[in-house]
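No hydrogens, no waters, no symmetry mates; every other heavy atom, side chains included, goes into these values.
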Amino acid sequence: MKFKYMYQKVVDLKSNEKTQAEWMLSAAIGELQAEQRTLENLIEDKARASEAMLSEGASSLLRLQELQRYVDHLDRCIKRKLSDIESAELNVEHKQSHLNTRMLDEKVWLKAKEKAKAGFEQQILLREQNELDEMATIRFAMRAQRA
C-alpha cells in the first residue's frame with residue numbers, strides 16, 4: 001500500500017510560493033545591485049568633473065561654470081540615487097521577510113506530511129504484525145488440535 005497525503009496540493013502550493021518568493025528576492029537584490037552600480041558611476045563622473053575643474057586652472061570662466069553646474073547636477077543625482085538605494089534595500093528586506101514566512105509555511109506543511117506518513121507507516125506495521133499474530137495463532141490452534 002502506497003502513502004498518499006491528502007493535503008499534497010497544499011504542500012505543492014506552499015513549495016511553489018516559496019520558490020516564487022525566492023525569485024522575487026533575487027529580482028529585488030538585482031535591482032539593488034543595479035542602483036548601487038549607477039551610484040558608483042555617478043560618483044566616478046563627479047570625480048572626473050571635479051578633476052577637470054582643477055586641471056582647467058585659469059581656463060575660461062564659462063567652462064568652469066559649466067563644469068560646476070555639471071558637478072551640482074551630479075550631486076543632485078547622487079542624492080536621488082542614495083534615496084533609490086535606500087528604497088531598494090527596504091524592498092530587499094521586505095522580500096527576505098516574505099521569503100522567510102513562505103519557508104516557514106512550507107516547513108510546517110512538510111512536517112505535517114512527514115507526521116502523517118510516519119503514522120501511515122506505523123499503521124502498516126501494526127496491520128502486518130496483527131496478520132502475523134493471527135497466522136501464528138491459527139498455526140498454534142491447528143497444532144493443538146492435532147496433538
Side-chain angles (χ1 to χ4, degrees), residues 1-56 64-147:
M1 189 179 273
K2 187 177 179 205
F3 174 70
K4 183 170 168 79
Y5 188 52
M6 69 174 154
Y7 298 113
Q8 184 60 45
K9 288 189 179 196
V10 175
V11 172
D12 294 342
L13 174 68
K14 295 301 178 181
S15 179
N16 288 340
E17 286 177 347
K18 183 194 81 166
T19 301
Q20 185 179 23
E22 288 171 338
W23 291 341
M24 291 169 60
L25 175 60
S26 179
I29 289 171
E31 289 173 18
L32 174 60
Q33 290 172 339
E35 295 289 0
Q36 289 170 333
R37 280 191 299 274
T38 304
L39 175 64
E40 289 170 6
N41 291 340
L42 288 170
I43 291 171
E44 289 171 6
D45 288 349
K46 181 183 173 188
R48 279 193 293 276
S50 295
E51 173 102 13
M53 282 177 59
L54 293 175
S55 67
E56 290 289 322
L64 288 174
Q65 287 175 335
E66 182 183 304
L67 286 170
Q68 185 59 51
R69 280 193 300 274
Y70 183 58
V71 168
D72 292 343
H73 168 73
L74 288 173
D75 280 336
R76 287 189 300 276
C77 289
I78 288 170
K79 285 180 185 173
R80 274 194 305 270
K81 194 51 64 181
L82 287 171
S83 175
D84 292 346
I85 287 174
E86 186 176 329
S87 176
E89 286 172 342
L90 288 174
N91 189 34
V92 167
E93 288 175 18
H94 173 65
K95 299 299 182 194
Q96 180 65 52
S97 174
H98 183 70
L99 174 58
N100 289 342
T101 301
R102 295 294 165 230
M103 288 172 71
L104 184 60
D105 283 351
E106 181 190 39
K107 187 176 180 181
V108 166
W109 281 97
L110 286 173
K111 193 72 168 171
K113 180 181 176 181
E114 288 173 17
K115 255 181 141 174
K117 186 175 183 179
F120 173 80
E121 290 171 348
Q122 186 65 33
Q123 288 282 4
I124 295 292
L125 290 174
L126 187 60
R127 198 173 302 144
E128 288 174 355
Q129 186 62 47
N130 287 340
E131 289 174 7
L132 291 173
D133 289 348
E134 187 176 326
M135 287 172 44
T137 303
I138 291 171
R139 281 186 183 166
F140 181 75
M142 291 176 81
R143 284 186 187 163
Q145 284 180 350
R146 285 187 208 162

Heavy-atom nearest pair, Glu22 first then Leu99, reads CG-CD1, 3.5 Å
Separation between CZ (Arg48) and CD (Glu51), nearest 0.5 Å, reads 10.5 Å
Notebook entry, point to check: Are Leu125 and Glu121 side-chain neighbours, meaning at least one heavy-atom pair lies under 4.5 Å?
Noted result: no
Those residues at least two apart in sequence (or on a different chain) that pass salt bridge (charged side-chain N to carboxylate O under 4.0 Å, His left out) with Asp12 are none
- [ ] For Ile138 and Glu134, run side chain to side chain contact (heavy atoms under 4.5 Å, CB included): C-alpha distance rounded to whole Å, both residues' side-chain angles, the deciding distance at 0.1 Å, then the answer.
- [x] CA-CA 6 Å; Ile138 291 171; Glu134 187 176 326; 4.2 Å; yes
Exercise for review: Taking Ser50 for its side chain and Lys46 for its backbone only, find out whether a donor-acceptor pair lies under 3.5 Å.
Suggested key: yes
Between the side chains of Asp72 and Gln68, does any donor sit under 3.5 Å from an acceptor? yes
Exercise. Could you give me the CA-CA distance, side-chain angles and deciding distance for Leu13 and Lys9, then say whether side chain to side chain contact (heavy atoms under 4.5 Å, CB included) is met?
Key: CA-CA 6 Å; Leu13 174 68; Lys9 288 189 179 196; over 6 Å; no
Rounding to 0.5 Å, atoms CD (Glu128) and CE (Met1) come to a distance of 10.5 Å
(Q) Walk me through whether Gln36 and Leu32 qualify under side chain to side chain contact (heavy atoms under 4.5 Å, CB included). (A) CA-CA 6 Å; Gln36 289 170 333; Leu32 174 60; 3.9 Å; yes
Chi angles and distances behind the side chain to side chain donor-acceptor pair (under 3.5 Å) call for Gln20, Asn16:
CA-CA 6 Å; Gln20 185 179 23; Asn16 288 340; over 6 Å; no
**Prompt:** For Tyr7, does the OH atom have more than 12 heavy-atom neighbours from other residues, nucleotides or ligands under 6.0 Å away?
**Reply:** no
Taking every heavy atom of Ala49 against every heavy atom of Tyr70, the minimum-distance pair comes out as CB-CD2, 3.7 Å
Distance col, row Trp23:CH2 vs Lys95:NZ, nearest 0.5 angstrom, shows 14.5 Å
dist Glu31:CD -> Asp84:CG (nearest 0.5 Å) comes out at 11.0 Å
CD (Gln96) and CD1 (Ile29) are apart, to the nearest 0.5 Å, by 7.0 Å
dist Lys14:NZ -> Asp105:CG (nearest 0.5 Å) comes out at 4.5 Å
What one should report as the nearest heavy-atom pair of Ala28 and Asn91 is CB-ND2, 3.7 Å
- Query: Between Thr38 (side chain) and Ala34 (backbone), is there a donor-acceptor pair under 3.5 Å?
  - Reply: yes
(request) Look at atom CD of Glu86 and say whether more than 12 heavy atoms of other residues, nucleotides or ligands are closer to it than 6.0 Å. (result) no
